[in-house]
Amino acid sequence: MPTERPVLVAGGGPVGVIAALALARQGIPVRVFEAEARVDDSPRAATTHAATLEMLDELGLVDEVIRRGLIEPKFRIWDRAAREVIAEFDFGLLANDTRFPYVVQCEQHKLANMAIERLRGFAHASVDFCTRVTSLEQFDDRVDVVVEGANGTRKISGCYLVGADGGRSTVRKALGIAFEGYTHPERFLVLTTSFAFDAEYAQCSRNYFSDPDEWCALFKVSGDDGRGLWRVLFPTRVEETDEQALDEVAVQGRLQRFFPKRGPYPVVHRNLYNVHQRVAASFGRGRVFLAGDCAHVNNPLGGLGLNFGIHDAVELSDLLGKVLRGEAAAHSLDQYDRFRRPLNVEYVQQQTIANKKRLEEKNAAARAGNNEALRRTAADPVAHRAYLLRASLIDSVRKRAAAA
Ligand SMILES: Cc1cc2nc3c(=O)[nH]c(=O)nc-3n(C[C@H](O)[C@H](O)[C@H](O)COP(=O)(O)OP(=O)(O)OC[C@H]3O[C@@H](n4cnc5c(N)ncnc54)[C@H](O)[C@@H]3O)c2cc1C
């Protein structure tokens, strides 16, 4: 490898450590700096789509992801008030398109920890926890970052820097790159319960419930012990405070209105998330590139944000590998911004915005029209497959490959 300086990665979330693993496997020295003491295990991404499973297979992670997650080929869209399935979609229809015609529900902290475990096997890779990147400076031949850790402040030089430090990214702000888009006035409340919805939802563990007053979503994840947990996601009311939304009586009321049952729900986690639709004005500048939530954020309806972030990590690592091995000129890295930014807008922003709009639609005629369109799509094998190719990000990967 012509470079002796490592690639630096700010952020040891799933995107940062997948980028690091993809680089380390090419023999490229890499150093990850993570501000926190450990991987964040709050309930966030779980849905891993086919296109991402194929990439994780290349990285040698897919068997463990499947073993520690749950395979689910279907998802359903319901009318909440009528308790009727509007449409059922089945990734099984993509059997000729992918080796993985399903999603795997595997929590993101498991994936990040798996990648970190693999990184430990490479002498040229390191992950420093409790180490925050605070500033950066670029030169013709390198990028320097200042990191703050338990032993004080250090300056570290690298050949390139991957900003994977999440939505509030220090790296993106240091570059002065705008985060264009908007933040929803409501927040999303995620309640995780050990109550087994399995009897009612045995046929499908990914469910979206459309409703003009309070839509919601219900998913099963395997949980750390593999025994299964269900997550129920609701929007908060705009005027509701954090305390009101998280209050035990309010939480139980929301769950009981959704699915009345005898006795209180055992709630093992309750979390509130701000919800944004934002894309960085550029995915890089000079020797610094943005990946994952640092570059784009979106609502979780469709389970696309982390999936696309992993695709960023894999593409960026491939491009950097070619440049560092002298197989491609440095300017070929421009492709990263040129292709990934529009792909994010077309596949992630557009789909997640449409998914939310459809679930919350208040106009009765528009709701009926949406429901009819969903039923027609699900009933027509050609339209059904086309819908799933887009929903699983296979289309975005194919579009990128065609442009190469
Ligand atoms: C409720 C919910 C459900 C979701 N469901 C899905 C889903 O099913 N599928 C999907 O694809 N996506 C989903 N998402 C989105 C997904 O969680 C994010 O896209 C994902 O976490 C992005 O990973 P990341 O590594 O880019 O950023 P993060 O996970 O935010 O990681 C960034 C890391 O950088 C560290 N950091 C921050 N600043 C610094 C610094 N200055 N120096 C060093 N380290 C720093 C942080 O501590 C953190 O560990 C969901 C999100 C939410 C909120």
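Below, all heavy atoms of this structure are taken into account, side chains as well, without hydrogens, waters or symmetry copies. As the structure lists them, so they are numbered: ligands from 1, and atoms in each ligand from 1.
If you number the atoms of ligand 1 from 1 as listed, the ones under 4.0 Å from a heavy atom of Val190 come out as 1 (C). Ligand-side atoms of ligand 1 in range of Tyr273: 1 (C), 53 (C), range being under 4.0 angstrom from any heavy atom. Atoms of ligand 1 found under 4.0 Å from any heavy atom of Thr170 (numbered from 1 in listed order, with element): 41 (N). Heavy-atom contacts of Gly292 reach the following atoms of ligand 1: 26 (O) (cutoff under 4.0 Å). For ligand 1, the atoms sitting less than 4.0 Å from at least one non-hydrogen atom of Gly11 are 34 (O), 35 (C), 43 (C), 44 (N), numbered in the order shown with element in parentheses.
Annotation: atom 42 (N) of ligand 1 to nearest protein heavy atom, Val133 N, 2.9 Å. Atom 14 (N) of ligand 1 has Ala45 CB, 3.7 Å as its closest protein atom, hydrogens excluded (heavy atom only). The protein non-hydrogen atom at the shortest distance from atom 47 (O) of ligand 1 is Glu34 OE2, 2.6 Å. Counting only heavy atoms of the protein, atom 21 (O) of ligand 1 lies nearest to Gln108 NE2, 3.0 Å. The protein non-hydrogen atom at the shortest distance from atom 43 (C) of ligand 1 is Phe33 O, 3.3 Å. Looking only at heavy atoms of the protein, atom 36 (N) of ligand 1 is closest to Asp165 CB, 3.9 Å. Closest to atom 8 (O) of ligand 1, if we only count protein heavy atoms, is Thr47 N, 3.2 Å. Scanning all protein heavy atoms for the shortest distance to atom 28 (P) of ligand 1 gives Arg44 NH1, 4.0 Å.
Between Leu306 and ligand 1, at least one N/O pair is under 3.5 Å apart. Among the atoms of Thr131, none of the N or O lies under 3.5 angstrom from an N or O of ligand 1. Residue-to-ligand polar distances place Gly303 within reach of ligand 1: an N/O pair is separated by less than 3.5 Å. By the 3.5 Å distance cut-off applied to N or O atoms, Ala35 is counted among the residues near ligand 1. Considering backbone and side-chain N/O atoms, Gly166 never comes within less than 3.5 Å of an N/O atom of ligand 1. Annotation: Val15 places an N or O atom under 3.5 Å from an N or O atom of ligand 1; distance criterion only. Not a single N or O atom of Glu36, backbone or side chain, sits closer than 3.5 Å to an N or O atom of ligand 1.
Ring centers of Phe91 and Phe89: at least 6.0 Å apart, outside the cut-off. Ring centroid separation for the pair Tyr208 and Phe219 comes in under the 6.0 Å cut-off. In this structure, His276 has its ring center at least 6.0 angstrom away from the ring center of Tyr182. Proximity of the aromatic rings of Trp215 and Phe188 is defined here by a centroid distance below 6.0 angstrom, and this criterion is met.
Nearest heavy atoms, Val133 versus Thr170: O-CG2, 3.6 Å. When all heavy atoms of Glu186 and Lys356 are compared, the pair lying nearest together is OE2-NZ, 2.7 Å.
Inspection of the Thr98 and Glu54 side chains reveals an N or O donor paired with an N or O acceptor under 3.5 Å. A donor and an acceptor atom, one from each side chain of Ser210 and Arg80, are nowhere located under 3.5 Å apart.
Taking the six-membered ring where tryptophan is involved, the planes of Phe195 and Phe259 are tilted, since the angle between them lies from 30° to 60°.
Distance check: Leu389 CG to Arg398 CZ gives 5.5 Å after rounding to the nearest 0.5 Å. To the nearest 0.5 angstrom, Arg154 atom CZ is 5.5 Å from Thr131 atom OG1.
Asn207 pairs with exactly one of Phe75, Tyr201, Phe197 by the side chain to side chain contact (heavy atoms under 4.5 Å, CB included) rule, that one being Tyr201.
Annotation: side-chain contact (heavy atoms from CB on, under 4.5 Å) contacts of Ala313 (sequence neighbours excluded): Val15, Ile18, Ala19. Residues satisfying the side-chain contact (heavy atoms from CB on, under 4.5 Å) test with Lys173, not counting sequence neighbours, are Arg168.
Judged by a 6.0 Å distance limit and a 45° cone about the ring axis, Arg83 is positioned over the six-membered ring of Phe258.
At a heavy-atom distance under 4.0 Å, only backbone atoms of Ala46 (N, CA, C or O) approach ligand 1. For Thr134, no heavy-atom contact with ligand 1 is shorter than 4.0 Å. Of all the heavy atoms of Asp293, the ones lying under 4.0 Å from any atom of ligand 1 are found in both the backbone and the side chain.
Note on ligand 1: Leu304 sits in its first shell, one or more heavy atoms being nearer than 4.0 Å.
Here the shortest heavy-atom distance to atom 23 (O) of ligand 1, taken over Pro14, Ala164, Gly12, belongs to Pro14.
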